[in-house]
Amino acid sequence: MLSNKQSKKIRIIPSILLKNSLTIRGKNFEPWRITGDIKQAVNLYSVREVDELFIMDIEAYKTKINFELIKDLSKNIFMPFVYGGGIKN
């Protein structure tokens with residue numbers, strides 16, 4: 001049993017789906033819809049002080065991983081973030 005000093009903290013780790021530098025979302029297996037700009041979404045999560053951020057680029061396997069975008073995003077946020085994509089099946 002954990003004491004009060006050892007209680008577990010709930011971590012908030014949102015995920016963002018990215019396509020052509022825009023955030024997207026699917027609903028009920030319908031086609032993707034654009035929900036906004038990646039920079040605005042990342043800044044919003046930064047203001048809300050989430051613990052970590054997961055960004056998945058679903059188009060990186062067709063193009064290339066956008067390292068300039070990663071560099072630009074990392075300048076504006078001060079939390080760990082994971083950027084994934086660029087894998088073909």
Side-chain angles (χ1 to χ4, degrees):
M1 183 169 204
L2 297 174
S3 67
N4 287 340
K5 291 182 181 180
Q6 297 174 328
S7 63
K8 293 183 180 181
K9 179 186 177 212
I10 296 174
R11 299 187 67 212
I12 308 296
I13 307 173
S15 62
I16 299 174
L17 290 177
L18 184 65
K19 182 177 181 180
N20 299 326
S21 298
L22 296 171
T23 58
I24 59 170
R25 183 174 182 205
K27 185 175 181 181
N28 297 332
F29 300 103
E30 292 178 9
W32 300 109
R33 59 185 180 166
I34 297 172
T35 58
D37 180 59
I38 182 66
K39 293 177 185 178
Q40 291 175 345
V42 168
N43 288 336
L44 176 67
Y45 288 127
S46 181
V47 168
R48 292 185 178 177
E49 298 180 353
V50 299
D51 297 308
E52 193 172 337
L53 191 58
F54 180 77
I55 302 168
M56 179 58 72
D57 189 347
I58 65 167
E59 288 283 308
Y61 74 95
K62 290 181 182 176
T63 58
K64 296 282 183 181
I65 294 176
N66 189 346
F67 290 104
E68 289 298 318
L69 178 64
I70 296 170
K71 188 176 180 181
D72 192 31
L73 293 176
S74 67
K75 291 178 184 178
N76 297 322
I77 60 174
F78 302 98
M79 72 183 96
F81 74 98
V82 177
Y83 186 96
I87 300 174
K88 292 182 182 180
N89 285 0

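None of the values given here were measured: they were computed from a predicted structure. The basis for the numbers below is simple: all heavy atoms, side chains too, and nothing from hydrogens, waters or symmetry mates.
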For Ser15, enumerate each residue passing the side-chain contact (heavy atoms from CB on, under 4.5 Å) test, keeping only those at least two apart in sequence or located in another chain. Phe54
Does one hydrophobic cluster hold both Phe78 and Val82, with members joined at side-chain heavy-atom distances below 4.5 Å? no
Co-membership, hydrophobic cluster, residues Met79 and Tyr83, 4.5 Å side-chain: yes
Is Tyr61 reachable from Ile16 through a run of I, L, V, M, F, W or Y residues, each pair having side-chain heavy atoms under 4.5 Å apart? no
Quick one: does Tyr45's side chain get under 4.5 Å of Ile77's, heavy atoms only? no
Hey, does Asp57 have a side-chain heavy atom less than 4.5 Å from the side chain of Leu69? no
If you define the side chain from C-beta out and look only at heavy atoms, does anything of Ile58 sit under 4.5 Å from Ile24? yes
Sequence neighbours excluded, the answer for side-chain contact (heavy atoms from CB on, under 4.5 Å) partners of Ser74 is Phe81
Could you check whether atom CD1 of Ile34 has more than 12 heavy atoms from other residues, nucleotides or ligands sitting under 6.0 Å from it? no
Ignoring hydrogens, what is the shortest heavy-atom contact between Pro14 and Glu52? Give both atom names and the distance. CD-O, 3.2 Å
Give the cluster check for Ile65 versus Ile38: same hydrophobic cluster or not, with ILVMFWY residues linked at side-chain heavy-atom distances below 4.5 Å. yes
What do you reckon, is CZ of Arg48 surrounded by more than 12 foreign heavy atoms closer than 6.0 Å? no
Can you list everything that forms a salt bridge (charged side-chain N to carboxylate O under 4.0 Å, His left out) with Lys39? Sequence neighbours excluded, please. Asp72
